[in-house]
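Just so it is clear: chains get the letters A, B, ... in the order the sequence lines come, proteins before strands, and each one is counted from 1.
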Amino acid sequence: MFDWSFVQRYAPFFVNGALMTLFICAIGIALSLVVGLICAGIELARIPVARQLVRVYIEISRNTPLLVQLYFLFFGLPKLGVVWSAETCAIVGLGFLGGSYMAEAMRAGLEAVPEVQRETAYVLGLSPWQSIVRVVLPQAVSSAIPGVVANVIFLIKESSVVSAIALADVMYMAKDLIGMYYNTYESLFMLVISYLVILLPISLFGLWLERRFDYERR
Amino acid sequence: ACGPSAGTPSDSASGSSSSAKAKARTLDEIKESGELKVAVFSDKAPFGYIDKDGKNAGYDVYFAQRLAKDLGVEVKYTSVDPAARVDVLTSNKVDVVLANFTVTDERAQKVDFAKPYMKVALGVVSPEDAPITDVSQLDGKTLIIAKGTTAETWFEKNAPNVKLQKYDQYADAYNALLDGRGDAFSTDNTEVLAWAKSNKGFTVGITKLGDEDTIAPAVQKGNKELLDFINDEIVKLGEEDFFHKDYEETLEPVYGNEANPDDIVVEGGEVDD
Amino acid sequence: MSGADILLQPGVLPRLLQGLWVTVWIAAVSVGACIPVGLLVGWLMTLRNPVVRFLMRIYLDFIRIMPQLALLFLAYYGFARWFDWNLDATGACVLVFILWGGAELGDLVRGALQSIPEIQSESAYVLGLSDWQSFVHVILPQALRRLLPASVNLATRIVKTTSLAVLLGVVEVIKVGQQIIDANRFQYPNGTLWIYGVIFFMYFIVCWPLSIVARRLEKRWAND
Amino acid sequence: MTEQNGDAAALSVRHLAKQYANANKRVLDDVSFEVPKGRVLVVVGPSGSGKSTLLRAIAGLEPIQGGDIALGGEVIETGRPGSEKAGRSARSSELRTRIGMVFQSYDLFPNKTVLGNIMMAPVLVLGRDKAEVEREAIELLKRVGLADRKDAWPHELSGGQRQRIAICRALILHPEVLLFDEITAALDPEMVREVLDVMIGLARAGQTMVIVTHEMRFARAIADEVMLLEDGRIIERCDDPERFFTQPETERARQFLRTFEFERAGHDKP
Amino acid sequence: MTEQNGDAAALSVRHLAKQYANANKRVLDDVSFEVPKGRVLVVVGPSGSGKSTLLRAIAGLEPIQGGDIALGGEVIETGRPGSEKAGRSARSSELRTRIGMVFQSYDLFPNKTVLGNIMMAPVLVLGRDKAEVEREAIELLKRVGLADRKDAWPHELSGGQRQRIAICRALILHPEVLLFDEITAALDPEMVREVLDVMIGLARAGQTMVIVTHEMRFARAIADEVMLLEDGRIIERCDDPERFFTQPETERARQFLRTFEFERAGHDKP
Ligand SMILES: Nc1ncnc2c1ncn2[C@@H]1O[C@H](COP(=O)(O)OP(=O)(O)OP(=O)(O)O)[C@@H](O)[C@H]1O
Ligand SMILES: Nc1ncnc2c1ncn2[C@@H]1O[C@H](COP(=O)(O)OP(=O)(O)OP(=O)(O)O)[C@@H](O)[C@H]1O
Ligand SMILES: [Mg+2]
Ligand SMILES: [Mg+2]
């Protein structure tokens with residue numbers, strides 16, 4: 001019934017797929033953090049026009065599926081003369097989608113710092129910079145981390161659609177093996193294991209990080 | 001039945017019952033239900049595609065219609081991706097696959113093939129300004145293919161130095177070739193010839209690669225009753241030169257008189273060379 | 001740009017809309033069926049029975065850690081074989097969205113039920129309300145209020161995730177778009193740009209109002 | 001229902017013992033007292049002394065491990081050793097309506113209007129006629145000065161208004177005993193006053209009450225009897241509040257009361 | 001820094017006018033008073049009368065639209081009409097350290113330990129030597145009875161302990177004036193006592209303070225002067241607290257103080 005030799009033979013495929021998934025996600029998530037930070041900054045600083053643009057971006061990015069974003073980038077944009085590689089499209093797609101989620105998480109983190117904390121810093125004579133670095137940011141990071149971690153896991157999961165633009169990630173391997181050798185069972189088994197191996201440590205690390213930065217629990 | 005329809009006959013996937021036994025249906029059950037469930041391509045013109053009006057059309061579809069007519073039932077189409085063709089049968093999502101299904105040993109272990117109705121080899125299409133005329137030219141280059149096709153298997157086995165870029169769907173693969181994402185695209189030669197004819201700037205540099213293979217209908221393993229019926233049907237249709245007529249209706253408009261129908265068509269299930 | 005004309009071709013927009021209808025239908029059926037499942041799961045999760053708790057944890061954690069696309073593959077290819085249970089692509093989508101949405105909603109329900117201060121049910125007890133009266137008249141209405149904004153958000157996520165159905169071969173809006181692109185390739189070589197653009201916009205138009213509703217509800221009920 | 005003895009105390013608690021699960025000490029230990037009909041008992045004591053637990057046990061919210069609780073002479077709760085993990089008392093709905101309780105906070109139902117909150121129990125539990133209950137509810141609202149807010153939602157009300165509504169909600173069931181657990185602890189001073197005035201009105205009207213409070217002046221004004229609790233035991237009980245607040249008998253009571261007095265800072269003025 | 005006048009009041013507020021943006025009424029209107037060095041001013045008044053706003057304006061947290069504020073004779077803030085939407089005052093860090101303030105709640109930095117909280121400003125703002133600051137911090141902690149908690153995190157402390165730490169954090173800057181805004185409002189009675197005792201200690205030691213409180217007994221004990229605020233105006237000011245609390249001059253003050261008195265309920269005893 002279950003063909004272990006098939007699993008042994010093709011396990012390396014999934015290792016490669018997992019590396020591709022991790023590669024795309026690492027860069028895509030880094031990009032999303034940068035985009036999120038910029039957007040959260042613009043919103044908090046209330047920069048007039050940029051702020052409206054950020055709102056529009058966030059609405060568009062949150063309300064469209066990544067798959068459609070990718071199809072548009074990969075198949076649509078070349079008609080405008082912009083030909084990006086599949087990797088670029090996937091990274092840009094993840095950054096575009098994740099940026100809005102990260103922005104919201106970071107903004108929520110900053111807003112969670114009570115005003116009286118800034119006021120206390122002011123009354124104690126701290127400069128605005130000292131107040132941000134020593135008082136506001138440490139607390140904001142602490143309350144933003146759970147949201148950011150959840151987004152990281154969300155983005156890794158979402159990245160499973162990059163197989164649709166021929167990127168050889170975990171999902172791609174599973175489909176490929178099913179299509180070539182029809183060992184559906186074994187392929188699905190390796191698919192599930194691969195995602196567990198990628199995501200379980202990350203989500204445990206996330207829990208540890210949350211605890212580490214939670215001033216009330218460490 | 002579950003699910004609405006996107007207005008094309010091809011979406012029987014969403015029109016059929018959402019749960020049933022994975023055991024194949026008998027001939028009687030098919031007749032009783034009044035419809036034959038057939039898996040076809042929806043993006044591989046001119047063999048199986050959706051025309052501008054949203055209707056299924058093509059060489060395979062023409063045959064499917066006849067098959068159903070002789071059974072006295074309607075056709076219900078399910079569009080499949082190449083890689084899904086075996087699984088739609090094993091999980092009994094359709095009764096027959098008529099999706100340019102090349103007969104291979106691996107596949108024959110999973111499904112039962114009937115007599116062939118077409119023959120193919122692989123072909124490679126590439127841009128006219130950088131034509132690929134030999135497999136060796138592909139070394140270190142990127143070749144686009146569709147997952148689950150014979151082309152994929154052949155290149156995986158015989159050309160380890162070619163970088164394969166695999167898409168789930170033919171449509172995506174063609175788009176990728178048009179956007180210059182790969183150096184060439186390989187699939188059945190019938191298919192690439194047809195495509196190159198209608199897409200300026202592309203040429204079929206390799207017209208015949210690997211063994212000559214046949215294309216045949218497939219049913220679930222062990223569904224002898226239906227298999228026998230299809231085999232009889234193919235023999236019977238051979239007497240009236242049905243597949244030549246099919247060729248004239250669906251392929252000739254594309255190939256014109258440059259191709260010889262006998263290079264493609266198999267009548268009565270007999271490969272003559 | 002010339003390519004935009006593709007949208008004016010007879011039949012193109014109606015077909016896309018029909019495709020969108022399939023998408024919305026899958027989402028709507030899934031969301032509808034999620035509600036009872038989610039309520040049940042949420043209720044089970046508040047039980048103290050360790051076995052039930054453990055099972056629910058496994059269920060929730062597995063569903064949450066697997067990408068939805070992987071779940072769809074499991075349901076579509078795996079279920080038929082493992083349980084001799086055949087699902088067509090649409091059925092597999094609906095099943096996965098119900099299991100996934102049910103788990104997510106269940107967790108929301110659990111959170112909402114547990115967020116109601118104990119003192120509410122104590123007040124009801126002291127006033128003489130039976131357990132059932134207390135649940136129906138006091139706890140549930142408050143839990144639903146806290147639940148609704150997040151549930152509408154979940155619905156948005158389900159709508160977005162229906163886009164994956166195309167990868168199982170369901171003929172929904174994306175697939176219809178691809179068919180149109182294919183059939184019109186020669187007249188409209190730029191079709192991909194426009195069709196995918198329109199599909200992008202269509203998803204936005206479906207999801208955006210839901211997001212707005214969710215945000216409104218959240219604001220309105222935040223300070224109660 | 002057993003017949004009520006006219007002479008029996010409205011509430012009597014005998015040898016009450018209470019221990020929380022996972023705790024190794026009794027929170028209430030051999031607590032006995034009576035509250036005659038129409039009288040007001042004020043319970044004071046430091047934080048953690050068991051005041052809230054006492055009221056909650058009387059209301060049936062906490063299982064008790066020893067002793068018993070009687071209402072109008074009828075025993076309604078008997079301690080069961082080992083019942084630490086048991087939930088709320090299984091007493092009948094009807095019985096529960098005979099004891100009213102108001103908590104420190106959060107206890108109005110936010111999903112009901114003011115009238116909805118007040119009318120819920122009499123209609124659902126006692127099956128009384130809606131129109132009649134509404135008339136009575138409006139009467140009560142007038143008494144606490146909130147007749148014009150009858151259709152408001154709890155979140156539209158100030159803390160003091162909410163607590164007055166909570167009192168009405170309890171009163172409409174005509175409870176034999178009303179329990180109040182620091183119901184003004186979370187309020188601004190002016191609101192505290194509004195609520196306490198309502199309670200003083202109730203005392204004048206002869207409502208039997210047990211009140212836990214940290215407002216010593218209020219306690220002094222409203223109490224018929226005062227009871228000082230510490231570590232789950234009754235330290236001093238006195239039916240002359242004036243005397244209790246000025247010359248308590250025990251050293252512990254003196255010490256407790258001193259927490260509320262300040263001596264002049266008396267630093268030198270320039 | 002202008003030289004300080006030995007005779008000048010520690011804090012003087014003249015004709016202070018304050019209006020919030022989007023409000024059509026002044027929250028503080030022509031408020032003038034002085035606090036001589038070493039004296040304690042207690043500000044009382046009903047909710048919304050502007051007490052917090054007054055302290056916040058002195059601390060530089062709110063822009064003022066008229067009048068001025070002087071510290072030791074040196075004017076540190078002048079009202080600018082139309083500045084409703086301006087942010088906090090631009091006064092220098094050094095100047096800010098000369099006024100200390102403790103809020104009702106939440107004001108310890110949760111990301112710093114007790115010592116970290118106390119040492120932050122002297123080290124960062126005044127650039128003082130760490131070791132020396134730490135010695136002083138521990139001295140202060142001893143004074144408030146919390147020397148053993150120096151390495152604790154704020155969330156590990158009770159509310160009363162937190163407020164005492166907040167006082168230390170303000171004291172270590174040796175502020176010329178200390179402002180307290182209802183710092184015991186959210187605390188349990190015993191904790192209230194701990195904190196108020198610390199403040200009485202400060203008063204004895206000659207710390208100049210402005211205190212907003214609802215604890216009238218405490219006010220009476222600690223005040224050198226009392227000021228009753230209502231609707232942003234000073235209703236009564238009195239440098240004899242005893243007199244203010246027993247025989248206030250204005251009818252409004254009498255009325256206000258009555259909120260804190262109760263008459264015996266006086267219902268008939270059986
Ligand atoms: N649910 C509980 N489980 C375990 N221990 C509890 C529980 N509730 C209260 N306690 C403990 O029981 C003791 C009495 O608590 P209780 O709340 O009755 O005191 P209290 O007199 O009302 O105090 P306060 O004035 O602070 O309200 C305390 O030591 C408390 O820690
Ligand atoms: N940020 C603000 N914007 C607009 N109005 C405000 C703001 N803060 C306070 N107010 C208003 O200013 C008035 C005075 O408020 P303030 O907080 O100074 O009163 P208070 O005397 O401290 O009251 P409490 O005893 O309740 O603390 C109130 O009417 C209040 O509604
Ligand atoms: Mg209590
Ligand atoms: Mg205030």
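Ring centers of B:F113 and B:F101: under 6.0 Å apart, within the cut-off.
For B:Q109, no part lies under 4.5 angstrom from a heavy atom of chain A. With a threshold of 4.5 angstrom between heavy atoms, A:I165 approaches chain B through N, CA, C or O but not through any side-chain atom. Looking at B:I144, there are no atoms closer than 4.5 Å to chain A (heavy atoms on both sides), in backbone or side chain. Contacts of A:A168 with chain B are absent, with no heavy-atom separation under 4.5 Å from either backbone or side chain.
A salt bridge links B:K44 to B:D188: one of the charged nitrogens lies within less than 4.0 Å of a carboxylate oxygen. Look at B:E156 and B:K163 and you find no salt bridge, because none of the NZ, NE, NH1 or NH2 atoms lies under 4.0 Å from a carboxylate O. A salt bridge does not link B:E128 with B:K200: every distance from a Lys NZ or Arg NE/NH1/NH2 to an Asp or Glu carboxylate oxygen is 4.0 Å or more. Salt bridge present: B:K147 and B:D168 bring a charged side-chain N and a carboxylate O closer than 4.0 Å.
In terms of heavy-atom proximity, B:D213 sits nearest to B:T102 at CB-CG2, 3.3 Å. Closest approach of B:V94 to B:V38, counting heavy atoms only: CG1-C, 4.1 Å.
Residues from residues 157-164 of chain A that place a non-hydrogen atom less than 4.5 Å from a non-hydrogen atom of chain B comprise A:S163, A:A164, given in numerical order. Among the residues in residues 169-176 of chain A, those with a non-hydrogen atom closer than 4.5 angstrom to a non-hydrogen atom of chain B are A:Y172, A:K175, A:D176.
Of all the listed residues (A:Y181, A:Y71, A:F74), the one sharing the greatest number of non-hydrogen pairs under 4.5 Å with chain B is A:F74.
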### Message
Apply salt bridge (charged side-chain N to carboxylate O under 4.0 Å, His left out) to residues B:E106 and B:K110 and explain how you reach the verdict.
### Response
CA-CA 7 Å; B:E106 283 105 341; B:K110 307 278 173 178; over 6 Å; no
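Ring orientation note: the planes of B:Y174 and B:F185 are nearly perpendicular, at an angle over 60° on the 30°/60° scale.
B:D183 contributes a side-chain N or O that, together with a main-chain N or O of B:T142, makes up a donor-acceptor pair within less than 3.5 Å.
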